[in-house]
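First up is the structure itself, then whatever we jot down about it.
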Amino acid sequence: MSIGSELDSGARDILVRNLTVDDTPLGVRTKSDVGRGGLVERVAYGNVCLKSLW
């Protein structure tokens, strides 16, 4: 579950709920490039399960 990369206008009011991430190198992340980032605000996570991260 990723938020970001191409965030020229930013991201806001995001709800992530009832998420299971299985068998992956990454879990939950927020990302942006230095040259094209925007503000990320009001992000909420609930009931998130990360299984078998490698």
- Give the minimum heavy-atom separation between V48 and V28, together with the two atoms involved.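 Nearest heavy atoms, V48 then V28: CG1-CG2, 4.1 Å.
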
- Message: Give me each pair satisfying salt bridge (Lys or Arg N to Asp or Glu O under 4.0 Å) with a member in residues 38-54, each pair once, sequence neighbours excluded.
- Response: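 Counting only pairs at least two positions apart or across chains, the salt bridge (Lys or Arg N to Asp or Glu O under 4.0 Å) contacts touching residues 38-54 are R12-E41, D13-R42.
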
- Residue pairs, two or more places apart or on separate chains, that pass salt bridge (Lys or Arg N to Asp or Glu O under 4.0 Å) and touch residues 15-28: none

- Note on the structure: One should read off an interatomic distance between N47 CG and T20 OG1, to the nearest 0.5 angstrom, of 7.0 Å

- Task: Under the side-chain contact (heavy atoms from CB on, under 4.5 Å) rule, collect the residues that match up with V43, sequence neighbours excluded.
- Result: I3, I14, V40, Y45

- Query: Would a hydrophobic clustering, with Ile, Leu, Val, Met, Phe, Trp and Tyr connected at side-chain separations under 4.5 Å, put L19 with L50?
  - Reply: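 Yes, because L19 and L50 connect within a single hydrophobic cluster, where side-chain heavy atoms sit under 4.5 Å apart.
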
- Query: Do M1 and L53 sit in the same hydrophobic cluster, where Ile, Leu, Val, Met, Phe, Trp and Tyr count as joined when their side-chain heavy atoms come under 4.5 Å apart?
  - Reply: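 The answer is yes; both residues are in one hydrophobic cluster.
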
